[in-house]
> 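Pasting in a structure now, in structure tokens, and then I'll have a few things to ask.
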Amino acid sequence: MKRQYLLITALVTTVMASAQSGIEQLFNELDARKDKSILSKTRYEDDSTHPTTFCHYDEMTIEKWAFGNLDKIFMTIFSNEQETYHLYQQLAGSSDTYQQQAGTVNLFRSPITIPYGPQNKYGVIFGTDPTHNYLVALFHDKNDSVKRHAYAITWYEQDKKIMLLRYHIYGDDPTRINNQRVVTFDDNQLVYNDRYVVNGLDNLEVKIENDIDFMKRFGTLRASLVAANTADDILLRTGIVVKITELCKKYHQLLSNNERATCDKTLTELINNYSFEDPFIKGMLEEARMALK
């Protein structure tokens, strides 16, 4: 109990000075605990000497009695930082997801994806399990305007222990990068100049005859919209959302209830994270959601 009190005092004091260093101090305190068990450590870096993107992931367990009120400490540290530009919070047992940005707090019901790696080819999704707790804080890199840091903690109870997952992810901010890609028509497919294939936009597609056909097409269109991840890709993104809406309106009856729920969650994710506040993009994705219902 004494150690836990000292942890609270040190971290709450630190967070008032610097939020990002407060979270890093929290991570250091977790490393120093003797009552934890490390299950795995994963370190991805694109370069071992000077990484431009990385994902550091630790998985550990703490006995439930020893965990105590660490959840309140986590929320204090993450909620009172001064330099974050986006805060994501979802707690177990609640259907409400809170995302704070630009001084306002909005209520959502969708996961958040944090991409990393070359051209943001990898990613970690938070908020998918209603029995888990999630906290994600995003910080701009002061030395590189297109880079950002993401710190995240996920915790949940399992076999009378608390499972704790900790992340530090660094990479391109998808709202700030400009890939300057060119799309051409090649062999009955739309293709980026980096050879990324955009399926689902031409009139030479196979017919949608069952739910598997639907989910394949829906998944491809989703991936294409995520890949077109800057506000400058407006022409391509407009074509993609129109095709998504058309797909949902024409073939929604082929889906099972579970497939319908999966698509609904995915559309909510796209609206929240990949619409860039464009009224047409958001409106078409909302139209697709209504068609599913």
Side-chain angles (χ1 to χ4, degrees), residues 23 26 30 36-37 39-40 42 55 57-79 84 86-101 104-116 122-138 150-169 211 214-215 218-219 222-223 225-226 248 252 255-275 282 285-286 288-293:
I23 295 177
L26 168 63
L30 290 173
K36 72 177 186 307
S37 297
L39 300 182
S40 66
T42 302
C55 177
Y57 163 70
D58 296 337
E59 183 180 14
M60 64 188 75
T61 62
I62 300 176
E63 294 290 342
K64 186 177 180 180
W65 64 267
F67 186 81
N69 63 349
L70 275 177
D71 53 347
K72 294 181 175 61
I73 297 175
F74 296 163
M75 294 176 66
T76 298
I77 298 299
F78 275 75
S79 299
T84 183
H86 192 100
L87 176 65
Y88 177 92
Q89 171 188 312
Q90 179 173 299
L91 301 181
S94 173
S95 61
D96 295 339
T97 298
Y98 295 91
Q99 300 192 49
Q100 180 173 341
Q101 192 168 12
T104 62
V105 179
N106 297 313
L107 178 62
F108 295 93
R109 290 180 174 84
S110 72
I112 183 174
T113 301
I114 305 300
Y116 66 94
Y122 309 120
V124 180
I125 303 177
F126 300 94
T128 58
D129 194 319
T131 67
H132 294 186
N133 303 279
Y134 301 89
L135 287 171
V136 183
L138 305 181
Y151 296 85
I153 287 183
T154 300
W155 72 96
Y156 56 95
E157 184 176 349
Q158 180 175 292
D159 299 328
K160 298 183 179 179
K161 295 182 180 181
I162 302 299
M163 296 288 297
L164 180 61
L165 316 178
R166 186 188 68 186
Y167 300 82
H168 181 190
I169 301 172
D211 59 333
F214 183 103
M215 296 303 288
F218 186 88
R222 174 196 175 276
L225 185 59
V226 171
C248 292
H252 62 87
L255 300 178
S256 67
N257 289 336
N258 184 61
E259 289 168 335
R260 197 184 309 273
T262 298
C263 292
D264 182 73
K265 290 180 181 178
T266 301
L267 289 168
T268 303
E269 174 207 12
L270 295 176
I271 291 169
N272 292 335
N273 298 328
Y274 297 100
S275 67
K282 292 182 68 174
L285 292 173
E286 289 286 4
R289 285 192 67 208
M290 290 188 287
L292 289 177
K293 297 178 180 180

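The residues of the chain are indexed from 1 along the displayed sequence. Any value given below was found using the heavy atoms of this structure, including those in side chains, with hydrogens, waters and symmetry copies removed.
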> Once you round to the nearest 0.5 Å, how far does CG of Leu165 lie from CZ of Phe126?
8.5 Å
> Between Asn133 and Thr154 (side chain of the first, backbone of the second, donor and acceptor by atom type, cut-off under 3.5 Å), is there such a pair?
no
> Which heavy-atom pair separates Leu87 from Ser79 by the least distance, and what is that distance?
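Leu87 and Ser79 have their closest heavy atoms at CD2-CA, 3.9 Å.
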> Write down the atom of Leu164, the atom of Ile153, and the distance for their closest heavy-atom approach.
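Smallest heavy-atom distance, with atoms named: CD1-CG2, 3.5 Å.
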> How far does OG1 of Thr76 sit from CG of Leu26, to the nearest 0.5 angstrom?
10.5 Å
> Would you check, one step at a time, whether the test side-chain contact (heavy atoms from CB on, under 4.5 Å) holds for Ile162 with Asp71?
CA-CA 10 Å; Ile162 302 299; Asp71 53 347; over 6 Å; no
> Using side-chain contact (heavy atoms from CB on, under 4.5 Å), reason through Arg289 and Leu292 one step at a time and then give a plain yes or no.
CA-CA 5 Å; Arg289 285 192 67 208; Leu292 289 177; 5.5 Å; no
> Evaluate the side-chain proximity of Ile77 to Met75: yes if any heavy-atom separation is below 4.5 Å, no if none is.
no
> The test is side-chain contact (heavy atoms from CB on, under 4.5 Å); show your working for Ser37 and Glu63 and say whether it passes.
CA-CA 9 Å; Ser37 297; Glu63 294 290 342; over 6 Å; no
> For Thr262 and Glu259, does a side-chain donor sit closer than 3.5 Å to a side-chain acceptor?
no
> So which atom in Asp129 and which in Gln90 form the shortest heavy-atom distance, rounded to 0.1 Å?
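Asp129 and Gln90 have their closest heavy atoms at O-NE2, 4.0 Å.
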> Please find the pair of heavy atoms, one from Ala288 and one from Cys248, that lie closest to each other, and give the distance.
O-CB, 3.8 Å
> Tell me, please, which residues at least two apart from Arg222 pass side chain to side chain donor-acceptor pair (under 3.5 Å).
Glu269
> In Å and rounded to the nearest 0.5 Å, what is the CZ to CG distance from Phe74 to Leu30?
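Rounded to the nearest 0.5 Å, the CZ-CG separation comes out at 5.0 Å.
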> How are the rings of Tyr151 and His168 set relative to one another: parallel (under 30°), tilted (30 to 60°) or perpendicular (over 60°)?
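Rings of Tyr151 and His168: parallel, under 30°.
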> Okay, side chain of Thr84, backbone of Leu138: is any donor-acceptor separation there less than 3.5 Å?
yes
> Go through the steps for Trp155 and Leu135 under the test side-chain contact (heavy atoms from CB on, under 4.5 Å), then give the verdict.
CA-CA 9 Å; Trp155 72 96; Leu135 287 171; 3.8 Å; yes
> Look at the rings of Phe214 and Phe218 and say which category their plane angle falls in: under 30° parallel, 30 to 60° tilted, over 60° perpendicular.
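It falls in the parallel class, under 30°.
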> Has Lys36 got more than 12 heavy atoms of other residues, nucleotides or ligands less than 6.0 Å from its NZ?
yes
> Report yes or no: does Asp264 contribute a side-chain atom to a donor-acceptor pair with the main-chain N or O of Arg260 at less than 3.5 Å?
no
> As an exercise, state the distance from CD of Glu157 to CE of Met163, rounded to the nearest 0.5 Å.
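Spacing of CD (Glu157) from CE (Met163) equals 12.0 Å.
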> What's the separation between atom OG1 in Thr113 and atom CG in Asn273, rounded to the nearest 0.5 Å?
6.0 Å
> Decide yes or no for Leu39 and Thr61: does some side-chain heavy atom of the first lie under 4.5 Å from some side-chain heavy atom of the second?
yes
> May I ask you to decide if Ala152's main-chain N or O and Tyr88's side chain share a donor-acceptor pair within less than 3.5 Å?
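No.
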> Which heavy atom in Tyr134 sits nearest to a heavy atom in Thr128, and how many Å separate them?
OH-N, 3.5 Å
> Between CG of Leu270 and CG of Asn272, what distance do you get to the nearest 0.5 Å?
9.0 Å
> Side chains of Asn258 and Ser256 only: does a donor on one sit below 3.5 Å from an acceptor on the other?
no
> Which pair of non-hydrogen atoms, one from Thr131 and one from Tyr156, has the smallest distance, and what is that distance?
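Taking every non-hydrogen atom into account, O-CB, 3.7 Å.
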> Taking C-beta and beyond as the side chain, do Leu255 and Met215 meet within less than 4.5 Å on heavy atoms?
yes
